[in-house]
Amino acid sequence: MSEFLPYARQDVDDDDVRSVVEVLRSGWLTQGPAVEAFEEALAHSVGARFAVATCNGTAALHAAYHAAGLGPGQVCLTTPITFAATANAALYLGAGVDFADVDSDTALLDPEATARALGPATRVLAPVHMAGQPADVVALRALADPLGAVVVEDAAHALGAEYFDTAANEWVPVGACRHSHMTVFSFHPVKQVAMGEGGAVTTNDPELRERLLRFRDHGLVRDPRHFEEPDPGPWHREMQSLGMNYRASDLHCALGRSQLRRLPDFVERRRAIAARYDTAFAGHPHVQPLAQRATARSSHHLYVVQLDVDAGVDRRRVVEALHARSIGAHVHYLPVHLHSWYRKERGFAPGAFPAAERYYARALTLPLFPAMSDADVERVIDALLSVLENR
Ligand SMILES: *Cc1c(COP(=O)(O)O)cnc(C)c1O
C-alpha cells in the first residue's frame with residue numbers, strides 16, 4: 001500500500017526548527033521581537049507598508065472587517081466559493097452577509113454579478129483568491145469605490161500570487177493592497193507558509209494598521225499621547241474600544257518568518273506541479289483544470305479540476321476510489337450559503353447562486369504541496385485517469 005498523499009501538507013526543514021528553538025531560548029514567547037520581525041518580512045515580501053500578525057486567518061478577517069468599520073445594519077459581500085470563515089467573520093460583528101455569484105470556470109467572483117449585488121448597505125467587499133488565483137481586484141475596486149465600500153482581499157490561498165495591473169503595466173503581488181484596503185492571509189499548515197496557527201492583515205493605511213493593532217490586543221492603547229483620560233502613571237493602559245486577544249506568539253512568528261524565506265521555492269514548485277497536471281489532463285473529455293485568467297499568476301494553493309458530471313462521472317465514486325488508492329482527493333468548497341447554518345439561520349436555499357453551485361457539483365481537489373515528489377504527481381495522474389476510465 002502506498003503512503004497516503006494528503007491534498008496539502010506543510011514542509012518544515014531544519015532551519016525552520018532552529019528558528020523556533022532560538023525563540024524558545026530567547027526569553028520571549030509572545031509579544032517579543034519575533035512578531036515584528038515576521039510582520040516586516042511579510043510586508044516586504046508582498047510589497048505592503050504594514051503587516052499585522054494574528055493568531056489565525058479567521059482572526060485576521062475579523063480584525064480587518066472591524067477595522068473597516070463593519071457593523072450592524074451593514075453587509076459584507078463575498079463569494080459563496082470560499083471557506084466559511086470569510087463570511088462568518090462579518091457575522092461576529094453583527095453585520096449581514098450576502099454573496100455574489102462566481103464565474104464557474106474560475107470559481108472567482110464575477111464582477112458583473114458583484115455589480116448587481118452591491119448596494120448602499122455594502123460596507124465590505126471581500127473577494128477570495130480561490131485556489132491561489134487572484135480575483136479581478138482591479139474591476140472589483142472600481143465597483144466598490146463609488147459606494148464607499150472597503151475592499152478586503154481574502155488571500156488565505158494566494159500568498160506568492162500576482163496579478164497584472166494594466167494601468168501601471170506591471171505585475172502586482174497579492175498583499176500589496178494596490179486595489180484593496182486590506183489583504184488577509186492564513187498560515188494554517190495547508191497554506192503556502194505554515195505557522196501552525198497564524199494569520200496576518202497587510203495594509204498601506206496607518207490608520208487601519210492602528211485599528212488592527214488595537215483590536216488584536218483587547219482594544220488597549222499603550223501610548224499616553226493617545227489617552228482619552230488623564231494619565232494616572234506608567235502602568236496605565238487605556239481600553240478605548242472592545243477588542244480581542246488575537247495576538248500571534250513569537251514561536252509562531254519565528255516559524256512564519258523562517259518559512260517566508262522559502263516562499264519563492266515553494267511557489268515555484270507548486271507552479272511546476274500544477275503545470276504537470278495541466279499537461280496530463282489537457283484535452284481529456286471528462287477532466288478540466290480550473291481556468292486561469294490571463295492577468296493572474298496563481299500561487300496554486302489548491303489544484304482543482306472540474307469533472308464532467310453531465311457525462312455521468314460520479315464525483316463521490318471518484319473521490320472514494322482515489323481514497324482507496326491512498327490519494328487524499330478533496331472538494332473545495334461547499335458553497336457557504338448551502339451550509340446547514342446559513343440555510344437555517346439566514347434562509348439561503350439551493351439555486352441562489354447557480355454558477356457557484358455548478359462549480360461545486362463538478363469540483364475535485366487533487367494533492368498539491370511542495371514536498372510532493374515527481375513520482376507522487378505521476379501516481380495521482382495515473383490514478384485519476386484510470387479511475388475515470390474504469391468508472
Ligand atoms: C484557511 C482559510 C481561512 C481561515 O484561516 P485560518 O487560519 O484557518 O483561520 C479563511 N479564508 C480562506 C479562503 C481560507 O482558505
Side-chain angles (χ1 to χ4, degrees), residues 6-10 38 42 51-66 76-93 97 99-100 102 106-109 124-135 137 140 151-161 174-175 180 182-202 212 215-216 244-249 251-253 255-256 259-260 270 290 298-304 330-337 339 342 356 359-360 363 365 368-369:
Y7 82 85
R9 183 164 64 202
Q10 73 277 9
F38 169 67
L42 177 64
V52 174
T54 58
C55 54
N56 58 58
T58 305
L61 282 164
H62 188 186
Y65 294 169
H66 165 83
C76 171
L77 182 65
T78 187
T79 158
I81 301 300
T82 185
F83 184 55
T86 316
N88 294 350
L91 302 169
Y92 305 160
L93 292 160
V97 167
F99 305 95
V102 297
T106 60
L108 299 171
L109 261 186
V124 168
L125 175 60
V128 176
H129 304 316
M130 177 62 193
Q133 175 171 213
V137 284
L140 295 172
V151 178
V152 177
E153 296 171 70
D154 181 341
H157 293 189
L159 182 62
V174 165
S180 69
M182 288 171 277
T183 303
V184 169
F185 293 99
S186 163
F187 306 109
H188 182 279
V190 297
K191 310 285 164 68
Q192 273 87 356
V193 153
M195 282 171 65
E197 294 284 354
V201 184
T202 60
L212 293 164
F215 190 70
R216 178 178 76 175
M244 310 291 289
N245 176 355
Y246 277 170
R247 296 186 303 259
S249 80
L251 296 175
H252 293 93
C253 288
L255 179 55
Q259 287 257 302
L260 264 183
R270 285 178 179 280
L290 214 54
S298 177
S299 56
H300 295 287
H301 163 53
L302 300 173
Y303 191 82
V304 176
H330 217 296
V331 172
H332 297 87
Y333 292 97
L334 172 71
V336 178
H337 69 285
H339 273 289
Y342 279 87
Y359 157 82
Y360 166 67
T365 302
L368 170 54
F369 52 91

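Just so you know, ligand 1 is whichever comes first in the structure, and atom 1 is the first atom listed for that ligand. We number each residue from 1, following the sequence as shown.
Proximity of Gly198 to ligand 1 is established by a heavy-atom distance of less than 4.0 Å. For the ligand labelled ligand 1, residue Phe185 lies outside the 4.0 Å heavy-atom shell.
Note on ring orientation: taking the six-membered ring where Trp is involved, the planes of Tyr246 and His62 are perpendicular (angle over 60°, cut-offs 30° and 60°). Taking the six-membered ring for Trp and thresholds of 30 and 60 degrees, His330 and Tyr7 have ring planes more than 60 degrees apart, a perpendicular arrangement. The aromatic rings of His66 and Phe215 sit parallel, their planes meeting at an angle under 30°, below the 60° perpendicular limit.
Distances between N or O atoms of Thr58 and those of ligand 1 include at least one value under 3.5 Å. Taking only nitrogen or oxygen atoms, main chain and side chain alike, Thr82 does not reach within less than 3.5 Å of ligand 1. The shortest N or O to N or O distance between Gly57 and ligand 1 is below 3.5 Å.
In this view, Thr202 and Leu42, Val46, Ala48, Ala51, Cys177, Thr183, Phe185 satisfy the side chain to side chain contact (heavy atoms under 4.5 Å, CB included) rule, not counting sequence neighbours. Not a single ring pair (Phe, Tyr, Trp, His ring centres under 6.0 Å) links His188 to another residue, sequence neighbours left out.
Looking only at side-chain heavy atoms (C-beta outward), His332 and Met130 come within less than 4.5 Å of each other. Taking the side chain as every heavy atom from C-beta outward, Thr78 and Asp154 never approach each other to under 4.5 Å.
For atom 15 (O) of ligand 1, the closest non-hydrogen atom on the protein side is His157 NE2, 2.8 Å. The nearest protein atom to atom 8 (O) of ligand 1, hydrogens excluded, is given as Ser186 OG, 4.0 Å; this is a heavy-atom distance. The protein heavy-atom contact nearest to atom 10 (C) of ligand 1 is Asp154 OD2, 3.6 Å.
Note that CG of Leu61 and CE of Met182 are 10.5 Å apart. Values are rounded to the nearest 0.5 Å.
Near Thr86, meaning under 4.0 Å from any of its heavy atoms, are these atoms of ligand 1: 11 (N). For ligand 1 and Tyr333, the ligand atoms under 4.0 Å from any heavy atom of the residue are 15 (O).
One option in His188, Lys191, His62 has a heavy atom closer to atom 2 (C) of ligand 1 than any other, and that option is Lys191.
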